[in-house]
Amino acid sequence: MARVVVDVMLKPEILDPQGQAVQRALPRLGFEGISDVRQGKRFELEVEGPVDADALARIHELAETFLANTVIENFTVRVQDADGNERPVEAGPDAASEGAVA
């Protein structure tokens, strides 16, 4: 069984009030030198069977239509093995600028 990780982040041009709130709080908590904070979401999907091109295409579609709002968010898809090591995944022809396969 493999794990596929989908990370979703606001696009750089989109205001991130939660990230800004964290950034403003850091100096008061003694954490200096952090110039920017962006908040995002991480989804870990346990996949039955092999994570082949068809499975990755389905996961990309899932991320694009359900996990991320591609109007304001980008996403990346990564595959982890049982030991937590990441396996590089080639970007397919369906990988759009809104969501990339990393």
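Both backbone and side-chain heavy atoms feed into the values below; hydrogens, waters and symmetry mates do not.
Here CD of Glu64 is found 11.5 Å from CG of Asn69. Values are rounded to the nearest 0.5 Å.
Counting heavy atoms from C-beta outward, Leu10 and Ile72 have side chains that approach closer than 4.5 Å. Side chains of Val5 and Gln80 form a contact here, defined as non-hydrogen atoms less than 4.5 Å apart. In this structure, Arg78 and Val4 have side chains that are not in contact, with every pair of non-hydrogen atoms separated by 4.5 Å or more. At least one side-chain heavy atom of Thr70 sits under 4.5 Å from a side-chain heavy atom of Phe75. In this structure the side chain of Val8 reaches within 4.5 angstrom of the side chain of Val6, judged on heavy atoms.
In terms of the side-chain hydrogen bond (donor to acceptor under 3.5 Å, both in side chains) criterion, Glu48 has no residue partners (sequence neighbours excluded). When the side chain to side chain contact (heavy atoms under 4.5 Å, CB included) test is applied to Leu62, the partners found at least two apart in sequence or on another chain are Leu45, Phe66, Leu67. Applying the side-chain hydrogen bond (donor to acceptor under 3.5 Å, both in side chains) rule to Asp16 yields no partners; only residues at least two apart in sequence or on another chain are considered.
Judged as a side-chain hydrogen bond (donor to acceptor under 3.5 Å, both in side chains), the pairs with a partner in residues 25-42 (not counting sequence neighbours) are, in order, Lys41-Glu73, Arg42-Glu44.
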Would you list the atom pairs, donor with acceptor, under 3.5 Å between side chains in residues 51-59 and any protein atom, with sequence neighbours excluded?
unit_1 : atom_1 : unit_2 : atom_2 : d
Asp52  : OD1    : Asp54  : N      : 3.3
Asp52  : OD1    : Ala55  : N      : 2.9

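Connection of Val47 to Val79 is established within a shared hydrophobic cluster, with ILVMFWY side chains joined at heavy-atom distances below 4.5 Å, either directly or through further cluster members.
Counting non-hydrogen atoms of other residues, nucleotides and ligands closer than 6.0 Å to CD of Glu61 gives a total of 12 or fewer.
Alongside Val37, the hydrophobic cluster contains Val22, Leu26, Leu29, Phe31, Ile34 (criterion: ILVMFWY side chains under 4.5 Å).
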